[in-house]
Amino acid sequence: GILLFAWIWFVVKDRPETVEKSSHVPAQKPSLEGFLKPLKNIQNWYAGIYTSCLNLPIMVICALWGASYLKTVHMVTGTQASNIVMMIFFGSIIGCPLVGWMSDFIGKRKPLMIAGAIATFVTILPLLGTESQLSPDALKIIFFLIGIVVLGFLGSCGIYAPSDARKVSPNSQERVKKNLEEGKGLS
């Protein structure tokens, strides 16, 4: 941890060496209008609903009942259950850059968002209503794929990503818009 901190301290810079004064966006005072403007944009609500629904499996599996579900239904040990749930995060390490590259390559977000919703349903399907117990290795593969699909599409296909946020929603409005799109405004 100390070596990583030292490396970041010396390598990562807060800003480029040359900063243009004209590119600075002046700060605006927060106002009720600035709060309500992004709330009135229906696209922000669609983005929030999409993200909340797609994020639901991750919240349920990782944060709430994943290990308990695995121990009860698939009869794995506590350590195995933790390792299986952890595979979601390993999947996201591959999924986020992969889906981000794909969305940049095709230049469109909507087809990938639709594919992400379908792929999420398909990868979650083996966990729903299985009469037989799945092996720990099969569960690791399923959870790894869930990480690739769900977190990859959530982390890399943000609806607001293709637009310049400073031009669309100034400063304080961007916080409201981003919270809606991340689903925080709906949970």
[X] and [Y]: which non-hydrogen atoms are nearest, and at how many Å?
| X | Y | result |
| --- | --- | --- |
| Trp45 | Leu39 | NE1-O, 2.5 Å |
| Met102 | Leu112 | CE-CD2, 3.6 Å |
| Ser92 | Pro97 | O-CD, 4.0 Å |
| Phe89 | Cys62 | CZ-SG, 3.6 Å |
| Lys71 | Ala81 | CG-CB, 4.0 Å |
| Asn83 | Lys140 | CB-CE, 4.4 Å |

Flag the pair [X] / [Y] as yes when at least one side-chain heavy-atom distance between them is below 4.5 Å, and no otherwise.
| X | Y | answer |
| --- | --- | --- |
| Ile61 | Ile124 | yes |
| Leu127 | Leu139 | yes |
| Ile42 | Tyr46 | yes |
| Ile49 | Cys53 | yes |
| Thr123 | Ile148 | no |

Stepwise side chain to side chain contact (heavy atoms under 4.5 Å, CB included) check, Val149 with Val122: CA-CA 10 Å; Val149 171; Val122 170; over 6 Å; no
Could you see if [X] belongs to whatever hydrophobic cluster contains [Y]? Use Ile, Leu, Val, Met, Phe, Trp, Tyr and a side-chain cutoff under 4.5 Å.
| X | Y | answer |
| --- | --- | --- |
| Ile8 | Val11 | yes |
| Phe5 | Phe10 | yes |
| Val60 | Val150 | no |
| Leu134 | Phe143 | yes |
| Val99 | Ile94 | yes |

Could you check whether Trp65 and Tyr69 have their ring centres less than 6.0 Å apart? no
Practice prompt. Look only at the side chain of Thr51 and the backbone of Gly48, and say whether a donor-acceptor pair between them is shorter than 3.5 Å.
Written response: no
Separation between [atom1] of [X] and [atom2] of [Y], rounded to the nearest 0.5 Å:
| X | Y | atom1 | atom2 | answer |
| --- | --- | --- | --- | --- |
| Leu98 | Trp101 | CG | CH2 | 7.5 Å |
| Ile114 | Tyr50 | CD1 | OH | 8.5 Å |
| Thr77 | Leu70 | OG1 | CG | 10.0 Å |
| Ile142 | Ile84 | CD1 | CD1 | 9.5 Å |

### Message
For Leu64, I'd like to know if atom CG has over 12 heavy atoms of other residues, nucleotides or ligands within 6.0 Å.
### Response
yes
